[in-house]
Amino acid sequence: MTGHETSEAGDLRQRDRRISELERELAERKLAAQRTEQAIRDSATRYHQLFESTGDAIMLLGESGFFECNEATLRLFRCASHEEFLARHPSEFSPPFQPDGTDSRTAADARIQQAYRDGMTRFEWMHRRADGTDVMADVLLARVDLKDGSFLQAVVRDITEQKNVEQALRDARERLEQRVQERTAELAARNEELKREIADRKLAEEALAFERFLLTTLMNEAPSYVFFKDVNGRFLRISKTLAAHYGLPDPAAAIGKSDLDFYDAGRAEQYMEDEREIMRTGHMTVDMEQEQVGPAGRPIWLLTNKIPLHGSDGSILGTFGISHDITQRKQAEALLQHAKEEAEAASRAKSNFLANMSHEIRTPMNAIIGLTELVLDTDLSDTQRDYLTMVRDSGDVLLTLINDILDFSKIEAGKLELERVTFDIRECLGDTLKSLAVRAHAKGLELACEIRSGVPEWLVGDIGRLRQVVVNLVGNAIKFTETGEVLLAVDCDEPVGDAVLLRCSVSDSGIGIPGDKIDSIFNAFEQADNSTTRRFGGTGLGLAICSRLVEAMDGKIWVESAMGQGSTFRFTARLGVSASGPEPVAPRRRVVVEGTRVLVVDDNATNRRILFEMLTNWRMEPTVVAGVSDALLCLREAHELKRPFGLVLTDANMPVMDGFALAERIKQDRELGSTLIMMLTSGGRPGDVTRCEELGVSAYLLKPVKQSELFDAIALALGITSAEDEEEMAQQLVHLHPFGPLTILLAEDSLVNQKLAVGLLEKHGHWVLVAGDGREAVAAVQARSFDLILMDVQMPEMDGFDATAAIRAFERKSNSYTPIIAMTAHALKGDRQRCLEAGMDGYVAKPVRARELFDTMETVLGRSGRPVADAPASTPASTPATRRGRLVDWERSLVTTSGDEQLLKAVIAVFLEEFPKLLDEIRHALEQSDAELLCRAAHTLKSSLAAFGAASCVESAKSLEQMGREARFEQAPPLLAQLATDLPRVAAELAAYARET
Ligand code: ADP
């Protein structure tokens, strides 16, 4: 062996070894590859198994969408096959928007980006399944990186259930929270309530404590006696003062005691009975006055209130009461009562004194004035006439003064009582102004009265007092005015119910009143200026009386005035309104004057206005002018236009040309000559009447003219009097000479007054028998019959009241009746009433004034039937007509029976039997409100009475008949009463005639 040989072999051997090594290595590698392959296969299998077996849906997402998914994916998305799933675009498996509102596609892109960027992302996602339903899922996106690129693996798990559970959990928590909140709120409220309750209780406790404090204070400090008692009359508590009154040191000592321990048995029993009564009835006793014996044995007075003590459940626990010691008050009252009685006695004495004084002064005044008037009627020299006129006028002034003083003291003594009568305001105030006109016209003043048409016709109140105020104010106005006019204007507010507030004013163009005096002139004895008083006279009482009277009429009085420019006094008065007057009046026959054109000529603007309003109210057509020339122009123009004036109403006294000149011009004018002219004058100028007659003036009226007067005059001038008017006028004519010679009994003790009355009466043709006292008067009446008795009230032996009573008693037996007129110097209120109550028919105050006396005679005789006017003027007593002619119109009666006296007597006999029955029927009809019976009975009565011409009774019966027809009963009773008084008188007269042979 060579080395060479040896190396070759070695090389071979080494190569062989290498080959085998390689072969071994290859085998190993093959095995390893096989093993790796197996491992990979195993891994793929494991992955696949995992891929399929997991419950989660797994899908692989590449650039162009899903490229692999497992079975769970198909189940989750409800796809039938892999192909169906993989064919869809991922966006199809989402709704357009996620529950939070984000756009699904944008959000999905963002998530995918995030997974690629971060390797993994996890989120919740709302998917939409193939069948359109939605499912909430948890999504895990994981990036899978391979050598040649990356894709995403999505693991999607249905979390609906989990979400539901979460929601349920959330709901449960919320409910729990809400419940907790509610409970908390409840607790807080309860807490508040408790706090409030505690606060309230605290307040209540404080109030209670305060009340206890008040009660204790009351019981300890009040000067009144306060007590509480149980049902048995035992004290529960008393005030300190009461304890002291009972002589107890401490109020507590009274507890359990009763009145028996403090009063005598009788009184205690009385008190306890009172309390039992209170508990029985539940009614308190108020202001009970109790007299007790005080400490020193002196009487004391307590004023006690006792009240039932109620428990909170309403049951009665006892009584409680409060008493005051009113001993001092009682003593003062007693003193006062005594003083009052003394004052009343003094006041009565004063009244009597006043009445007597009045009597004493009036009696001589009576003589002075009356006798002066008589002397004035005789032939006298001018000087004598002047002096006597002054005496009479001074007497008048004195009388006014006495009346004023009497009036004022009466008002001051609170004795003013207002009457309530129904009156026609226009008539009454018109008459009142007429009485003042003389004074106004004597000074050349215009006096006008304007009652607005809205003022009701019939008012109810004290016309006498109203008139007194007007007379005073107008009188003052005339007194303090030298030139110009005085105007009384009356208006009223709208009536309320049956009351109306009258507004009156009296304005003048006189001297005026200084501003600083305006308030004081209404005080008694106050005058604006003492120097004027000296010039004008007066007492300063007039306005004081006026203001009291106006106050009594619920009114006010005041004045507006400027020095030198005049004054306007205004007052209000509340009066009643009545639908009609006391007697039915014929309605103004307005229709007859309607449409007539009237030319009013007056220089005074106020008069023009008033006349214009009156005429317009009667629907006439007035034109007013201020002077004669205008009037003539107007008349001519109207004539040319063929609308002539029916009447010219002219003032007589006018500047430049007066009413007479106008009348003259008219009468001379050929065309206007026939125009009717009426003249308004202030009277006074002698010869006016004659001139009027000469000028053919149709009527001549005295200013201020009353509405009724003007109307009647116009109607008369226009020649349109109806039958009714004529009758009325005929009656008025009779009124001018109302009675024929009468037989009069004068009962009067004073010789002077006898002379005066006899003088007055005889001058008027009456026959007078004088009786010196009441007794003589009664004897005279028993001896013979009279037409009238004038009865002095104050006479010796038997006074006027007693004499009247005796005469009336006698007449009842003899079936006769004589009117009696009282004459009294008592001017005090109530006298008139007393006279009428005593059976007298009328009343005149002394001093007797002729006018007043004759007016009263007229009223009294007129009321009881109109006497025959033109009775033969032989010895009156023997004239049957005057003896009988009061209630029955004998002439008419005889005409009814064609002068057959026997027949008349027979008719009378029937009537005397019939009338009481008829009167009863009327009475019965009124009681039963039987309209038919009233109408029938009144009608029968009316017809019978008419036969005897018993005018006033006929009127009453006629009114009753009318009321029956209309079934109105309310105004019937006074008429019945009137008939019941009048009929027996008529009957007496008829019976007297029937007895005559
Ligand atoms: P007398 O009786 O003095 O007139 P009155 O009380 O009636 O008393 O009047 C008081 C005063 O008021 C009068 O004195 C007068 O100064 C003044 N007076 C009253 N009315 C008028 C008036 N119309 N014009 C001016 N002054 C008047």
Side-chain angles (χ1 to χ4, degrees), residues 393-412 416 429 432-433 435-450 464-490 503-553 555-573 604 606 704:
D393 292 350
S394 307
D396 277 342
V397 170
L398 205 52
L399 209 59
T400 318
L401 194 65
I402 294 167
N403 283 338
D404 272 2
I405 293 177
L406 203 64
D407 229 15
F408 190 69
S409 54
K410 202 165 28 170
I411 294 170
E412 288 297 273
L416 176 68
L429 292 187
T432 306
L433 276 211
S435 66
L436 293 157
V438 183
R439 268 156 71 195
H441 296 156
K443 291 179 85 172
L445 300 174
E446 281 291 345
L447 178 60
C449 173
E450 181 180 25
R465 292 305 192 174
L466 186 68
R467 199 185 271 141
Q468 192 177 350
V469 175
V470 169
V471 167
N472 239 303
L473 297 182
V474 175
N476 276 350
I478 296 171
K479 186 156 74 169
F480 295 107
T481 305
E482 289 314 316
T483 54
E485 61 175 37
V486 171
L487 169 69
L488 165 68
V490 182
R503 297 187 172 277
C504 307
S505 68
V506 175
S507 35
D508 63 52
S509 51
I511 60 172
I513 301 165
D516 58 334
K517 294 289 180 187
I518 276 194
D519 291 329
S520 63
I521 54 169
F522 292 103
N523 298 338
F525 307 109
E526 283 280 351
Q527 293 177 323
D529 172 2
N530 286 333
S531 63
T532 58
T533 318
R534 247 168 274 131
R535 194 143 57 93
F536 297 108
T539 55
L541 269 181
L543 289 177
I545 293 174
C546 283
S547 82
R548 306 292 201 285
L549 291 179
V550 165
E551 263 166 39
M553 290 189 264
K556 281 202 254 317
I557 187 166
W558 68 101
V559 62
E560 294 146 15
S561 182
M563 284 300 280
Q565 287 171 27
S567 318
T568 300
F569 282 82
R570 296 182 192 280
F571 70 92
T572 57
N604 182 286
T606 310

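Ligands are counted one by one from 1 in listed order, and the atoms in each one are counted from 1 as well.
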Per-atom contacts of ligand 1 with [X], taking only distances under 4.0 Å to non-hydrogen atoms:
X: Phe569; answer: 19 (C), 20 (N), 21 (C), 22 (C), 23 (N)
X: Ile513; answer: 25 (C), 26 (N), 27 (C)
X: Gly542; answer: 5 (P), 6 (O), 7 (O), 8 (O)

Exercise for the section: Applying side chain to side chain contact (heavy atoms under 4.5 Å, CB included) between Val469 and each of Ile545, Leu549, Val474, report the one that passes. Expected result: Leu549
Practice task
Going by the side chain to side chain contact (heavy atoms under 4.5 Å, CB included) test, name the single residue among Leu543, Ile521, Val506, Thr568 that passes it with Val559.
Solution key: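 Filter result, single survivor: Ile521.
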Handout entry: Side chain, backbone, both or neither: Leu543 near ligand 1, heavy atoms under 4.0 Å
Key =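 Both backbone and side chain of Leu543 come within 4.0 Å of ligand 1.
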Practice task
Using a 4.0 Å heavy-atom cut-off, say whether Leu541 meets ligand 1 through its side chain, its backbone, both or neither.
Solution key: backbone
Handout entry: Any side-chain heavy-atom pair of Trp558 and Thr572 under 4.5 Å
Key = yes
Contact check, [X] vs ligand 1, heavy-atom distance below 4.0 Å:
X: Phe522; result: no
X: Ala477; result: yes
X: Lys517; result: no

Handout entry: Flag, side chain of Asp508 to backbone of Gly566, donor-acceptor distance under 3.5 Å
Key =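 No, because the side chain of Asp508 does not come within donor-acceptor range (under 3.5 Å) of the backbone of Gly566.
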Problem - Ser509 side-chain N/O to Thr483 backbone N/O, donor-acceptor pair under 3.5 Å - result: yes
Exercise for the section: Indicate yes or no: does an N/O atom of Asn472 lie under 3.5 Å from an N/O atom of ligand 1? Expected result: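 In fact, backbone or side chain, Asn472 has no N or O that close.
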Exercise for the section: Would you please name every residue forming a side chain to side chain contact (heavy atoms under 4.5 Å, CB included) with Ser547, sequence neighbours left out? Expected result: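 Only Phe522, Ile557 meet the side chain to side chain contact (heavy atoms under 4.5 Å, CB included) criterion with Ser547.
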Practice task
Could you walk me through whether Phe569 and Asn476 pass side-chain contact (heavy atoms from CB on, under 4.5 Å), step by step?
Solution key: CA-CA 10 Å; Phe569 282 82; Asn476 276 350; 5.5 Å; no
Practice task
From the options Ile478, Ile521, Thr481, select the one whose nearest heavy atom is closest to atom 12 (O) of ligand 1.
Solution key: Ile521
